[in-house]
Trainee: 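Sharing a structure, written as structure tokens. Questions coming.
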Amino acid sequence: MADWEEIKRLAADFQKVQLSSTSQKLSERNCIEIISYLKEKKIIDLIFTVDGKEFLTPLHLIQDIRNELFVSGGRINLVELAKIIGVDLAHITTHLKDVLKGQKDIHSILGQLIDSSYITKIAGEINEKLSQQGQINISDLTIQYDLSAEFLQQQVVEKHLGKIIHGKQDSNDPRVFFTESFIARCKAKIRGALSGLTRPTPVASILNQINMSEKLFFSLYDQTCMYGSLTSRVVGAQYIPNVYARSQSEWVTNFYRQNAYLEYDALARLGISDYKSYIKKQFSNEEITFLNSCAASKRILERAEADIEECIASKSYLDLQSNLPSVFNENDIQLILESILIKQKQQQTIVIENYIISKAFIENLSKNFDELVKEKAKSVVESGKYQQYQTELQVSSTKPQKFEDVEEKIDKREERRKKAAGGKSGGGTQGRETKTKSTKKPARAKHVEVEVEFVEKKQLEIITSEDISEAVQSELEDDGLDELTLPLMQYLLPQLNEKGLELANEIYAVTVADRTANRRQTHNELQNKLNALIGDVRLFDKGLKLLPEDLQPQLQKYLLKTLCTDVVNEILNYVAAEQNLSTQSENFNNDQRLKFANDLPPDFKKPLVPLIKSLTGQSIEDFMVTVEEGLAACSMIIKKIDKKKDRTIVLNHKHVLLEQLNKCDDLALVLHLATLVIFTTVTQCMLHASGRHVAAILNFLKQYLSEEQITELTSYHDFVTLMLSGGTEAENAKEKLKEKIQVVKNIANDFKKPGTEKC
Amino acid sequence: MVDESTRKTLSSIPLLKTKAGPRDKELWVQRLKEEYQSLIKYVQNNKEADNDWFRLESNKEGTKWFGKCWFIHDLLKYEFDVEFDIPVMYPTTAPEIALPELDGKTAKMYRGGKICLSDHFKPLWARNVPKFGIGHAMALGLGPWLAVEIPDLIAKGVISYKEKTG
């Protein structure tokens, strides 16, 4: 029955349950309805959660925020907060000011809430870090804590400086904090580093070594003792230890004192980059010349100057390179020379490369060549190269006046004479020449440049470079100057050449003068010779007049063609020589003679042309007249006829003829000579005739000869004609003639003028 | 089938284990004990959900049950007597719940005020023998019937609100 009891109890329980009051519950829907109604009426202020299923009162929200802030350790992000509380971020931001109200220890920064506990905590952390690192930068902290630098600076660090954070604020940079010990450590480091340095070191490498920021270094640098100086306050600066600067300046001063110069390279090696200003500063009271690679003291310049003076005085040369410190390069030497070689000295010296050579030295040197040059010049003149060169100059260039001058010099003698003699007529050509000269002058300047090369090419090489170089080399080798051979040679060559040209010119002038002197002599000789010739001609003419009339013109013609022509040729030769024309007038025919005469200046042309024409004429008289005029042009006089002299001449002539006859073996010539001898003996006159006239003359002589003489001579004459005509009988005739030759000679020798015989 | 809220309520009613009817003496006691426990839980659930809608008590043997049930419509509480017997074939046969007051007032009712249960009820019950008990019958049977019929009846004017009937 226990079961039934239990049933009863359960039934009772059931009743009790049924009778128990039902909890008065509103459905969710009703609740939302009620709340929205209340909110609408603004009876209550509620905040929906994000899911909309919960409501919060603002007070609760504020409380929640504070709680969350506390839970998260004093710092929370608003977005996170909104997520945790489950309300919209907007609600949190709107109620933020209520949270902050009256709560000075809570800060809202960059969307985060931070309370003082957190600040205290990070201040502690910062302090710890500071004591570890020695210095701390706000900017580093901003990265670490993700907070604004300003907040960290003002709210965290500065607020707790001296309380939680034990350190100092950098006076130069308020964002940097450090501990005293750190500063002391840094200073010690810097001091150590700087005092250890003996040579200029870039700040960057110092910093690298001591592991320090440049800012700190520069701020602490002033407080550490001064062992040196900094070139500037930037990273690229150099630290120059006093020790170094001192030793550097000592070195420089010593070097300068000892050597009197400073090499830029050496300074650069010492780390002095701005050497010019450095030198100026270092030796402010010294006179220093800045050269290309060195700075030289006045001492060096004075020494060099003295050297040069001495070189000039001793007439020698000077190798500046070896006299100056070896570091001086060519440009330096150039500069030194520019500064020392004043004008006066420049005139006395020549600078070749680094050598200063006194003019006297060079003169001495060139003296050695005088002989050589003279020789060469002579040979040049003698070989006719010079004349050729002159004429070439005349021909090739009408322009270079220089050579015209030379030419003029040569002609001067002639001109002077011409002027004296011819006056106006001579001035014709000369006048034109001077005229061209004056017109050329302005143009010359322009031309010269263009033509210098041209002229130089043309310039006659009196002496060749080989000639000089050998001699110079041998000369210089003794002094160890052989490297100067080429430049010296180049210097000397034109000089010597000029000299050579001058010499050649002189020599030429001398030869010309000699020639004119000779000419004067020959003039006299010629005059005599011509006189003799003309006398001969006159005498021959006279002799010829004795012959029959019909024979006379032939003989006259012959005379003109032979002796007279000789006379004319002599005259022309003389004129040619006078005019400096090289002509071989001996071989001239008549036309050439005429042409030559026509080319002559008028004062010669006038009398000579009729003279030459008279040669082709018939009469000796014409010739005689014209020859007189011609000779007058050549300033020669025909001597007056001297009868006594004529006789001796005739006698002489006869003797000469006889001598010739006796020596002669020529079969024909024997007869010719014999005839002439007989004629001269008969007439006491000379006859000039050719072999052709022999027969005629024999005819004329018949009256004076004996019968046998005549037959001998005529037969001989016949055989001669036979022989000359050739043919079969020529040999035979020759034999006959050989037999008779002595007979004819005897006749001529023994012949006496009939008159004298009688007497 | 049954609506969502019914299903929910149903699932919260504890299931029974003993298959026994009123005639099974000892086992019936066991069964009855389970019935009561189940009902207590169900009522408690209802009260908690502010959904209390009936009062039940039984005779000593637990074969006859009677009580009241009510329905709130337009903020007015309509109350009806409820009674039913435990059939002999229980729990294979479901109890027939009756509302005698409404006898003849609606077509959805057998003679004697027994309500016409939905087509789904019987197969559902049959499938769940012996797990379903009185509580399930109330929740599955009467609950949905009231929810459907009473507003209809009120609208027809068949029943009217009586001030403080109970």
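As the structure is a computational prediction, the values presented were derived from the model and not from experiment. To find a chain, count down the sequence lines: A is the first, B the second, and so on, and within it residues start at 1.
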Trainee: Start with the C-alpha distance between A:R9 and A:E5, add both sets of side-chain angles, then the distance that settles salt bridge (Lys or Arg N to Asp or Glu O under 4.0 Å), and finish with yes or no.
Mentor: CA-CA 6 Å; A:R9 206 162 37 83; A:E5 285 300 312; over 6 Å; no
Trainee: Does anything in residues 19-28 of chain B get under 4.5 Å of chain A by heavy atoms, and if so which residues?
Mentor: B:E26, B:W28
Trainee: side-chain contact (heavy atoms from CB on, under 4.5 Å) between B:L56 and B:M138: does it pass, once the steps are laid out?
Mentor: CA-CA 10 Å; B:L56 270 181; B:M138 291 294 279; 4.0 Å; yes
Trainee: Looking at residues at least two apart in the chain, or sitting in another chain, which of them share a ring pair (Phe, Tyr, Trp, His ring centres under 6.0 Å) with B:Y78?
Mentor: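 B:Y78 satisfies ring pair (Phe, Tyr, Trp, His ring centres under 6.0 Å) with B:Y161 only.
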Trainee: Looking at B:E96, I'd like to know if its CD atom is crowded, meaning that more than 12 non-hydrogen atoms belonging to other residues, nucleotides or ligands lie closer than 6.0 Å.
Mentor: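 Open: at most 12 neighbouring heavy atoms sit under 6.0 Å from CD of B:E96.
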Trainee: Would you please test B:S58 and B:Y36 for side-chain contact (heavy atoms from CB on, under 4.5 Å) and show each step?
Mentor: CA-CA 10 Å; B:S58 71; B:Y36 269 116; 2.7 Å; yes
Trainee: Run the ring-centre check on B:F54 versus B:Y42 and record whether the distance is less than 6.0 Å.
Mentor: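 Ring-ring flag for B:F54/B:Y42: true, centres closer than 6.0 Å.
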Trainee: Contact part of A:Q18 toward chain B, heavy-atom cut-off under 4.5 Å: side chain, backbone, both or neither?
Mentor: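 Backbone plus side chain of A:Q18, per the 4.5 Å heavy-atom cut-off to chain B.
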Trainee: Could you check whether the rings of B:Y90 and B:W125 sit parallel, tilted or perpendicular, using 30° and 60° as the cut-offs?
Mentor: tilted
Trainee: Going by heavy atoms in the side chains, are B:V88 and B:T93 under 4.5 Å from each other?
Mentor: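 In short, these two side chains do not touch, never coming nearer than 4.5 Å.
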Trainee: Taking only residues two or more places apart in sequence or in another chain, which ones pass side chain to side chain contact (heavy atoms under 4.5 Å, CB included) with A:S181?
Mentor: A:T179, A:R185
Trainee: Just wondering, more than 12 heavy atoms not from A:K83 lying within 6.0 Å of its NZ?
Mentor: no
Trainee: Which residues in residues 98-113 of chain B have any heavy atom lying under 4.5 Å from a heavy atom of chain A?
Mentor: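 Those residues of residues 98-113 of chain B which would need a heavy atom under 4.5 Å from chain A do not exist here.
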